[in-house]
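Worksheet for the structure shown next.
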Amino acid sequence: MSADIFNIAPSFYGITMVPKDSWRQYGYALLTIAGSDGDVSDPELEWLTIECAQAVGVDEEIIADWEEYDFEEGELEEIFYEFNSKSFANFSKLLIYDAIRMSSADGDYAQDEREQVHHAAQILKVPMDTVMAIEALVDLEHAANKLRMTIL
């Protein structure tokens, strides 16, 4: 297998191989969205560089690139243009899902972040009712996690 392709967690993302540079751009998009409120908080960055990075199996080089990325200079249109969305099925919905998860990792899905998610959805042609369903899914997952921690 080429060093430019990662074999990733198909059970969660429903995909098996993605070009290395696609994960770099994917992270840049997430950073641009989560940083739209003026800050990528430590929990948001940790969500990307630890939780997401582990799930998709990216290497330290990409994590370092994400940590160095200037989210304030990011332009979603450019990132999506450079990103090969044909790398995996349902790219648009997955990105919206992960953007909401990352943006709310600090316990605050800020209005600016929500607006940037909606802007990304428009660019990616994800219907707004789908975005609202994904937002509800993330809320439900947070509630289930809180309930689990309360019970256990």
Side-chain angles (χ1 to χ4, degrees), residues 1-124 126 131 134-135 137-146 148-149:
M1 180 182 336
S2 166
D4 291 337
I5 304 269
F6 287 121
N7 189 17
I8 62 161
S11 62
F12 187 80
Y13 283 88
I15 50 182
T16 56
M17 292 194 299
V18 176
K20 183 177 183 176
D21 198 51
S22 293
W23 283 122
R24 184 175 285 109
Q25 296 300 322
Y26 191 85
Y28 291 168
L30 295 177
L31 287 160
T32 299
I33 293 168
S36 63
D37 63 349
D39 182 46
V40 174
S41 67
D42 288 342
E44 290 171 336
L45 188 60
E46 288 172 7
W47 182 90
L48 178 64
T49 60
I50 297 171
E51 189 173 330
C52 183
Q54 266 183 349
V56 300
V58 298
D59 62 24
E60 292 297 321
E61 175 189 342
I62 290 178
I63 293 170
D65 289 347
W66 289 344
E67 291 173 336
E68 302 270 326
Y69 181 70
D70 183 358
F71 64 87
E72 292 175 327
E73 297 297 318
E75 292 292 330
L76 289 177
E77 290 87 352
E78 283 181 35
I79 295 168
F80 294 150
Y81 178 77
E82 291 178 26
F83 190 87
N84 179 7
S85 64
K86 293 179 177 56
S87 297
F88 50 99
N90 298 323
F91 155 75
S92 299
K93 291 182 209 173
L94 285 171
L95 188 128
I96 296 300
Y97 174 68
D98 279 345
I100 296 166
R101 291 171 66 208
M102 180 175 170
S103 294
S104 60
D106 58 2
D108 181 27
Y109 182 34
Q111 184 61 34
D112 289 336
E113 293 167 328
R114 183 181 309 271
E115 289 172 5
Q116 190 75 311
V117 164
H118 292 189
H119 177 63
Q122 286 177 322
I123 296 168
L124 297 169
V126 175
V131 174
I134 294 169
E135 287 172 333
L137 172 62
V138 172
D139 287 344
L140 182 62
E141 290 174 343
H142 286 175
N145 286 337
K146 187 181 277 188
R148 184 186 75 250
M149 295 180 96

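The chain is numbered in sequence order, starting from 1.
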Ring centers of Tyr69, Trp66 separated by less than 6.0 Å
no
Would you check if Ile123 and His119 make a side-chain contact, meaning some heavy-atom pair closer than 4.5 Å?
yes
What are the two closest heavy atoms between Ala34 and Val40, and how far apart are they?
C-CG2, 4.3 Å
Between Ala121 and Val131, which heavy-atom pair has the shortest distance, and what is it?
CB-CG2, 3.4 Å
Does any non-hydrogen side-chain atom of Glu115 lie less than 4.5 Å from one of Asp112?
yes
Which heavy atom in Ala29 sits nearest to a heavy atom in Leu76, and how many Å separate them?
O-CD2, 4.0 Å
Should we count CD of Glu68 as having more than 12 external heavy atoms under 6.0 Å?
no
If I take atom CD from residue Glu73 and atom CD from residue Glu78, how far apart are they, to the nearest 0.5 angstrom?
10.0 Å
Is it the case that more than 12 heavy atoms not belonging to Glu61 sit under 6.0 Å from its CD atom?
yes
Output for pair (Trp47 CH2, Asp98 CG), nearest 0.5 Å, gives 3.5 Å
Side-chain contact test, heavy atoms from C-beta onward, threshold under 4.5 Å: evaluate it for Val126 versus Leu95 and give yes or no.
no
Is a donor on one side and an acceptor on the other found under 3.5 Å between the side chain of Ser103 and the backbone of Tyr109?
no
So which heavy atom on Asp108 is nearest to which on Glu113, and how close?
O-OE1, 3.1 Å
Check Leu31, Leu45, Leu30 against Phe71 for a side-chain contact (heavy atoms from CB on, under 4.5 Å) and give me the one that passes.
Leu31
Let's go through Met102 and Ile33 carefully: what are the C-alpha distance in whole Å and the side-chain angles of both, what is the deciding distance for side-chain contact (heavy atoms from CB on, under 4.5 Å) to 0.1 Å, and is it a yes or a no?
CA-CA 9 Å; Met102 180 175 170; Ile33 293 168; over 6 Å; no
Arg101 and its side chain to side chain donor-acceptor pair (under 3.5 Å) partner, picked from Glu51, Glu44, Glu141:
Glu51
Would you find a donor on one side and an acceptor on the other, under 3.5 Å apart, between the side chain of Asn145 and the backbone of Arg148?
no
So how far is it from Tyr97 OH to Leu137 CG, rounded to the nearest 0.5 Å?
5.5 Å
With heavy-atom distances below 4.5 Å as the criterion, would you say the side chains of Ser104 and His142 are in contact?
yes
Supply the atom-to-atom distance Thr32 OG1 to Glu77 CD, rounded to the nearest 0.5 angstrom.
10.5 Å
Would you call Tyr26 and Val56 a side-chain contact if the rule is heavy atoms closer than 4.5 Å?
no
From Ile62 CD1 over to Arg24 CZ, what is the distance, rounded to the nearest 0.5 angstrom?
4.5 Å
So, taking the atom named CD1 in Ile100 and the one named CD1 in Ile134, what distance separates them when rounded to the nearest 0.5 Å?
6.0 Å
